[in-house]
A.B. asks: 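Sharing a structure, written as structure tokens. Questions coming.
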2 protein chains.
Amino acid sequence: MRYSKQKETILEIVNNSFDHLTADEIYLKARNLLPNISLGTVYRNLNTLKEENKIISFNSLDNKEHYDKAFIKHYHFICNNCFKIYDRKINDYKKLCSMLNIDENNTNYIDIKVYGICNDCSK
Amino acid sequence: MRYSKQKETILEIVNNSFDHLTADEIYLKARNLLPNISLGTVYRNLNTLKEENKIISFNSLDNKEHYDKAFIKHYHFICNNCFKIYDRKINDYKKLCSMLNIDENNTNYIDIKVYGICNDCSK
DNA sequence: ATGTAATTAGTAACCATTACTATTTATGAG
DNA sequence: CTCATAAATAGTAATGGTTACTAATTACAT
């Protein structure tokens with residue numbers, strides 16, 4: 001595996017963002033730094049970074065894959081009305097794993113999504 | 001809303017299956033019962049049935065939506081190697097909700113997916 | 001310096017899902 | 001039992017996120 005400025009840039013964009021960016025949004029941000037980067041390169045590197053467990057991804061109501069930092073233990077609340085994605089803390093990750101009978105040795109990633117109506121929309 | 005044989009058939013196929021069928025698989029099964037049913041009808045009714053909370057769906061590694069019964073409290077273990085989807089029991093649903101600070105009043109559906117390597121593949 | 005294999009840019013293709021429209025059909029009123 | 005009407009369907013075309021492909025570029029070891 002060789003160094004590439006493109007891959008490094010993509011990882012930084014995901015790690016420095018507080019949103020849940022789609023491939024297209026990451027592509028647009030990357031173009032500010034590397035004007036010639038191509039969308040295919042973004043997709044390929046996102047998939048590689050996932051395999052290396054450096055980032056995670058999940059699908060949302062817009063039917064697009066959203067990319068996120070790997071090292072923060074949290075889950076997502078997704079509003080069925082406004083489609084916004086909220087981060088929610090997981091206080092006791094160990095306890096959660098034991099409740100779900102999860103063997104952490106053969107487990108890679110736990111993806112929890114809670115769908116409902118957010119506070120803004122229920123007003 | 002009017003009765004339709006197509007919608008009833010689609011709901012029965014999902015409820016009687018022990019798999020996690022995709023729209024295309026449901027379409028093929030439905031064609032055995034209603035030879036002229038169209039794929040668009042399957043997709044439209046699956047979306048309607050979801051809105052009515054009669055079925056649920058989730059996205060998997062094949063990047064297809066999988067449809068499942070709504071009334072069984074369980075989560076899914078997805079193997080990163082063979083892409084198989086396993087059902088896993090949730091013993092104490094109430095406790096899980098309280099651990100995640102979930103307000104059941106504004107919550108529709110909890111989608112939990114655990115990714116890893118299944119027993120068959122780790123041999 | 002130079003060879004080479006990994007990576008990229010740019011474009012074309014793929015395919016799951018949705019949109020569209022003419023036709024069919026469930027249902028209620030007379 | 002008609003008949004009007006609006007909801008639902010069948011069949012097909014279009015959409016759009018993602019992947020595949022290929023010639024050119026580039027990191028890196030020798």
Side-chain angles (χ1 to χ4, degrees), chain A residues 1-14 19-52 54-68 78 80 83 85 111 113 115, chain B residues 1-14 19-52 54-68 78 80 83 85 111 113 115:
Chain A
M1 187 161 326
R2 296 193 321 189
Y3 172 83
S4 103
K5 189 73 189 166
Q6 288 86 343
K7 188 176 179 185
E8 186 184 83
T9 302
I10 289 165
L11 179 57
E12 275 174 11
I13 287 170
V14 174
D19 294 323
H20 312 87
L21 302 174
T22 62
D24 204 63
E25 290 166 342
I26 293 166
Y27 171 59
L28 290 176
K29 279 178 186 286
R31 289 228 310 202
N32 294 332
L33 304 163
L34 304 170
N36 288 326
I37 196 170
S38 90
L39 185 56
T41 299
V42 172
Y43 273 104
R44 186 170 19 76
N45 279 305
L46 286 171
N47 283 334
T48 309
L49 289 165
K50 268 182 71 175
E51 279 167 25
E52 297 166 5
K54 292 182 179 164
I55 63 173
I56 59 104
S57 81
F58 59 94
N59 206 276
S60 191
L61 290 174
D62 56 7
N63 213 28
K64 293 178 193 171
E65 204 69 12
H66 292 254
Y67 296 87
D68 204 351
I78 299 175
N80 280 321
F83 294 13
I85 301 168
D111 177 14
K113 284 177 289 198
Y115 292 91
Chain B
M1 185 162 329
R2 296 193 322 190
Y3 172 83
S4 102
K5 188 74 188 166
Q6 287 86 343
K7 187 176 179 185
E8 186 184 82
T9 302
I10 289 164
L11 179 58
E12 276 175 9
I13 287 171
V14 174
D19 294 324
H20 311 86
L21 302 173
T22 62
D24 204 63
E25 290 167 341
I26 293 166
Y27 171 59
L28 290 176
K29 279 179 187 284
R31 288 229 310 203
N32 294 332
L33 304 163
L34 305 169
N36 288 326
I37 196 171
S38 90
L39 186 55
T41 298
V42 172
Y43 273 104
R44 186 169 20 75
N45 279 306
L46 285 171
N47 284 334
T48 310
L49 289 165
K50 268 182 70 175
E51 278 167 26
E52 297 166 6
K54 291 181 180 164
I55 62 173
I56 60 102
S57 79
F58 60 94
N59 206 276
S60 192
L61 290 175
D62 56 5
N63 214 28
K64 294 178 191 171
E65 204 70 12
H66 292 253
Y67 296 87
D68 205 352
I78 299 175
N80 279 321
F83 294 13
I85 302 168
D111 177 14
K113 282 177 289 197
Y115 293 90

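Every value quoted in this text rests on a predicted model; they were computed, and no experiment measured them. Proteins come first, then strands; the chains are lettered A, B, ... in the order of their sequence lines, and each starts at number 1.
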A.B. asks: Quick test of your reading of the model: are B/Lys7 and B/Glu12 salt-bridged, counting only N-O distances below 4.0 Å?
C.D. replies: no
A.B. asks: Whole-Å distance between C/dT18 C1' and B/Leu46 CG?
C.D. replies: 13 Å
A.B. asks: Counting primed atoms plus P, OP1 and OP2 as sugar-phosphate and everything else as base, spell out the protein contacts along nucleotides 19-24 of chain D at 4.0 Å heavy-atom distance: B, S or - for each nucleotide, 5' to 3'.
C.D. replies: B-----
A.B. asks: Measure the distance from CD1 on B/Ile37 to P on D/dG11 and round it to the nearest whole Å.
C.D. replies: 11 Å
A.B. asks: Measure from CG on B/Asp62 to C1' on C/dC15 and round the result to the nearest Å.
C.D. replies: 12 Å
A.B. asks: Please confirm whether the shortest side-chain N or O distance from A/Gln6 to OP1 or OP2 of C/dA9 is below 4.0 Å.
C.D. replies: yes
A.B. asks: Only counting residues at least two apart or in another chain, list the ones meeting salt bridge (Lys or Arg N to Asp or Glu O under 4.0 Å) with B/Glu8.
C.D. replies: B/Lys5
A.B. asks: Could you list the residues that satisfy side-chain hydrogen bond (donor to acceptor under 3.5 Å, both in side chains) with B/Asp62, not counting sequence neighbours?
C.D. replies: B/His66
A.B. asks: With no hydrogens and no angle check, do the side chains of A/Glu65 and A/Ser57 hold a donor and an acceptor under 3.5 Å apart?
C.D. replies: yes
A.B. asks: Specify the separation, in whole Å, of atom NZ of B/Lys64 and atom C1' of D/dG17.
C.D. replies: 15 Å
A.B. asks: Whole angstroms only, please: what is the CG-C1' distance between B/Leu61 and D/dT18?
C.D. replies: 15 Å
A.B. asks: Find the distance A/Asn59:CG to C/dA16:C1' and express it as a whole number of Å.
C.D. replies: 12 Å
A.B. asks: Please examine the side chains of B/Val14 and B/Leu46, heavy atoms only from C-beta on, and report whether any two atoms are closer than 4.5 Å.
C.D. replies: yes
A.B. asks: One character per nucleotide, please: for nucleotides 25-30 of chain C, 5' to 3', B when the base has a protein heavy atom closer than 4.0 Å, S when only the sugar-phosphate does, - otherwise.
C.D. replies: BBS---
A.B. asks: Enter the distance from B/Lys50:NZ to B/Asn45:CG here, rounded to the nearest 0.5 Å.
C.D. replies: 13.5 Å
A.B. asks: Which residues in residues 23-36 of chain B have a heavy atom closer than 4.0 Å to any atom of DNA chain D?
C.D. replies: B/Asn36
A.B. asks: Can you check the B/Ile10 CD1 to D/dA8 C1' distance for me, whole Å?
C.D. replies: 11 Å
A.B. asks: Any side-chain heavy-atom pair from B/His20 and B/Phe58 closer than 4.5 angstrom?
C.D. replies: yes
A.B. asks: Using the C1' atoms of the five pairs at each end, what is the angle between the end axes of the helix from C/dA1-D/dT30 to C/dG30-D/dC1, to 10°?
C.D. replies: 30°
A.B. asks: For B/Lys7 and C/dT24, what is the distance between atoms NZ and C1' respectively, to the nearest whole Å?
C.D. replies: 18 Å
